[in-house]
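Note sheet for the following structure.
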Amino acid sequence: MSRAPSPFERVTPPRVGPFREGAFPSPLHSVRVASILGISLGVTFTVCFLTGFLSHLIQHPPSYFEWPARPGWLYRVSQGVHVTTGIASIPLLLAKLWTVYPRFWTWPPLRSAAHVIERLALLPLVGGSLFLLFTGVGSISRWFPWDFSFPPAHYAAAWITIGALIVHVGAKVGAARLALSGRSPDATSGAVADERAWGGLSRRGFLGVAFGGAAALVVATVGQTLRPFAAISVLAPRDPRVGPQGLPVNKTASSAGVVDAAMSASWRLIVVGNVTTPLSLSLDEVRAMAQRDADLVIACVDGWSAAGRWRGVPLRDLIALAGAPASASATVMSLQRPGAAFASSEVNAGQILDPDTMLALELNGAPLHIDHGFPVRLIGPNRPGVQQTKWVASVVVT
Ligand SMILES: Nc1nc2c(c(=O)[nH]1)N[C@H]1C(S)=C(S)[C@@H](COP(=O)(O)O)O[C@H]1N2
Ligand SMILES: [Mo]
């Protein structure tokens with residue numbers, strides 16, 4: 001070719017070690033295998049990103065976004081899918097990284113400016129993916145070996161990773177299409193092109209291990225939200241059947257430091273803010289109000305969820321009693337020190353209009369266990385667990 005050599009190609013030191021031609025003979029290091037794993041990861045990461053972004057919007061709603069109270073199962077499903085697709089991505093990502101790691105020693109290492117950019121984008125892509133999966137698993141298993149705040153770090157890494165993923169898909173879509181169409185020799189340079197000449201694991205077998213591993217991890221964890229799997233989900237951080245009154249507990253009353261205040265005879269439910277008649281109700285007065293029963297779910301952001309039969313006072317009845325406008329929204333505050341994680345939550349107007357959004361006094365036929373929020377806890381359809389505020393002290397109508 002008459003083309004002038006690129007400055008990147010000029011240096012030609014001897015190719016040794018992993019730079020050698022044929023240093024990675026396994027036919028598993030193939031573009032086709034990488035493409036199949038890559039497409040699968042593209043799907044799991046996209047679904048994981050969208051469900052994660054939804055959860056972020058629900059917890060930090062911008063002015064244009066109001067999360068509805070119905071359907072009541074939606075958050076349980078979307079957050080279950082978020083955690084499940086993240087977990088399924090782990091074996092797929094490891095298999096993909098193993099498939100392509102010989103390219104780390106591509107020769108020449110840097111071919112062109114575009115090649116440099118494509119390779120640099122791998123840093124946020126691989127680093128971001130590993131960070132997201134590692135912190136995600138750490139978070140759902142309540143194992144925090146870091147001292148940064150998980151949600152903002154996980155959220156920022158998600159945007160970086162999805163941006164790098166878009167660059168990566170753009171750079172690779174052509175090669176993947178070619179490899180999957182079978183019109184190109186399916187091997188990275190140096191690999192044994194004919195799979196049959198290679199005695200090891202076949203490509204089909206390798207992909208079987210990766211997808212089988214993903215499926216096994218899903219089955220081993222999804223029981224934290226799908227009860228039929230609870231008995232076989234040996235790796236699930238939570239068993240949705242285990243806990244006081246048959247439901248798991250995330251934060252106990254003693255770890256929240258609210259036992260004395262919750263048990264105190266001087267506890268009052270305060271309703272203030274944009275109301276005509278501020279209320280201060282004793283527990284007996286709340287019990288004397290008309291009660292409602294509803295089957296509602298605790299759906300933790302960690303991906304576990306559990307349903308129960310709740311009985312309590314609809315929030316809308318309570319704030320109507322205080323003379324709040326029908327379009328009211330509210331902040332529900334607990335006995336915890338303000339500023340403590342999950343010490344309070346917002347209830348939007350649509351959620352308040354739903355009669356199942358209630359301040360519950362009973363769970364599964366008995367007064368609330370103190371770890372489930374005695375004397376009174378907020379519970380409503382389609383709300384993330386972090387917004388089902390326990391040990392309620394006051395409702396501030398806005
Ligand atoms: N006041 C208060 N309410 C809280 C929490 C908390 O830490 N403090 N944790 C929340 C979280 S993260 C979840 S998942 C649910 C769990 O409710 P449970 O412990 O009754 O199952 O409570 C929520 N309510
Ligand atoms: Mo939670």
Side-chain angles (χ1 to χ4, degrees), residues 40-41 43-52 54-55 58-59 71-95 132-144 150-151 154 208-252 255 294-310 342 363-365 369 371-373 377 379-388 390:
S40 314
L41 279 165
V43 171
T44 56
F45 269 52
T46 301
V47 172
C48 202
F49 176 80
L50 293 175
T51 47
L54 178 66
S55 186
I58 297 166
Q59 292 174 68
W73 47 263
L74 188 54
Y75 184 77
R76 174 186 219 179
V77 171
S78 74
Q79 193 61 13
V81 166
H82 177 71
V83 170
T84 302
T85 48
I87 287 172
S89 297
I90 296 168
L92 300 178
L93 181 65
L94 294 177
L132 287 170
L133 297 179
F134 188 79
T135 55
V137 168
S139 181
I140 65 170
S141 48
R142 319 244 114 216
W143 175 68
F144 296 99
F150 166 74
H154 196 73
V209 170
F211 288 108
L217 272 189
V218 168
V219 170
T221 49
V222 78
Q224 65 173 343
T225 182
L226 288 181
R227 267 173 176 251
F229 286 86
I232 52 169
S233 280
V234 289
L235 296 179
R238 287 309 174 95
D239 185 329
R241 305 165 302 181
V242 173
Q245 298 178 295
L247 251 80
V249 163
N250 247 23
K251 195 168 191 78
T252 62
S255 67
D295 291 311
L296 296 166
V297 168
I298 305 265
C300 183
V301 292
D302 293 351
W304 66 266
S305 68
R309 183 121 182 110
W310 303 84
F342 319 141
L363 166 58
N364 293 334
H369 187 281
D371 288 336
H372 283 307
R377 72 105 43 92
I379 179 103
N382 206 24
R383 289 169 63 77
V386 292
Q387 297 181 336
Q388 311 279 34
K390 306 196 274 191

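We count residues from 1, following the sequence as given.
Distance check, rounded to the nearest 0.5 Å: CZ of F45 to CG of L92 gives 9.0 Å. With rounding to the nearest 0.5 Å, the separation of CG in L93 from CG in L132 is 10.5 Å. Distance check, rounded to the nearest 0.5 Å: CG of L247 to OG of S305 gives 9.5 Å. Once rounded to the nearest 0.5 Å, the distance linking OH of Y75 with CD1 of I58 reads 6.0 Å. With values rounded to the nearest 0.5 angstrom, I90 atom CD1 is found 10.5 Å from F134 atom CZ.
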Please evaluate residues W143 and V137 with respect to the criterion side-chain contact (heavy atoms from CB on, under 4.5 Å), reporting the C-alpha separation (whole Å), side-chain torsions for both, the decisive distance (0.1 Å), and the verdict. CA-CA 8 Å; W143 175 68; V137 168; over 6 Å; no
Could you walk me through whether Q387 and I379 satisfy the side-chain contact (heavy atoms from CB on, under 4.5 Å) test, starting with their C-alpha distance in whole Å, then the side-chain angles of each, then the deciding distance to 0.1 Å, before giving a yes or no? CA-CA 8 Å; Q387 297 181 336; I379 179 103; over 6 Å; no
side-chain contact (heavy atoms from CB on, under 4.5 Å) for W304 and V83? Distances and angles first, verdict last. CA-CA 9 Å; W304 66 266; V83 170; over 6 Å; no
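Judged by distance alone, the side chain of H82 and the main-chain N or O of C48 form a donor-acceptor pair under 3.5 Å. Between the side chain of R76 and the backbone N or O of N382, no donor-acceptor pair lies under 3.5 Å. Between the W310 side chain and the L296 main chain, a donor and an acceptor come within less than 3.5 Å of each other. Q79 contributes no side-chain N or O that, together with a main-chain N or O of S55, makes up a donor-acceptor pair within less than 3.5 Å. In this structure, the side chain of D239 engages the main chain of R241 through a donor-acceptor pair within 3.5 Å. Using a distance-only test at 3.5 Å, with no hydrogens or angles considered, no donor-acceptor pair links the side chain of S233 to the main chain of A230. Under a 3.5 Å cut-off, the side chain of S89 and the backbone N or O of L133 do not form any donor-acceptor pair. At least one donor-acceptor pair under 3.5 Å links the side chain of N364 to the backbone N or O of R309. Remark: side-chain polar atoms of T252 are paired, donor with acceptor, to backbone N or O of S255 under 3.5 angstrom.
Contact of the W73 side chain with the V297 side chain is not registered, since no non-hydrogen atoms from C-beta on lie closer than 4.5 Å. Side-chain contact check for R377 versus L363: every heavy-atom pair is 4.5 Å or farther apart. Inter-residue side-chain proximity for P244 and V249 is flagged as met; some heavy-atom pair is nearer than 4.5 Å. You'll find the side chain of V81 stays beyond 4.5 Å of the side chain of S78, heavy atoms only. Between P237 and R142 there is no side-chain heavy-atom pair separated by less than 4.5 Å.
The side-chain contact (heavy atoms from CB on, under 4.5 Å) test with T84 singles out one residue from T51, V222, L226, and that residue is V222. Paired with R238 under the rule side-chain hydrogen bond (donor to acceptor under 3.5 Å, both in side chains), one option of T225, D302, N250, T221 passes, and it is N250.
Contact between P384 and Q59 at its shortest, heavy atoms only, is CG-CG, 4.4 Å. Of all heavy-atom pairs spanning S40 and F211, the tightest one is OG-CZ, 3.2 Å. Closest of all the heavy-atom pairs between A210 and A95 is CB-CB, 3.7 Å. Taking every heavy atom of both residues into account, A236 and Q224 meet most closely at CB-CB, 3.9 Å. Taking all atoms of both residues into account, the shortest heavy-atom contact from P91 to A88 is CD-O, 3.4 Å.
K251 and D371 are not joined by a salt bridge, as no carboxylate oxygen comes within less than 4.0 angstrom of a charged side-chain nitrogen.
Partners of H369 by ring pair (Phe, Tyr, Trp, His ring centres under 6.0 Å), not counting sequence neighbours: none found.
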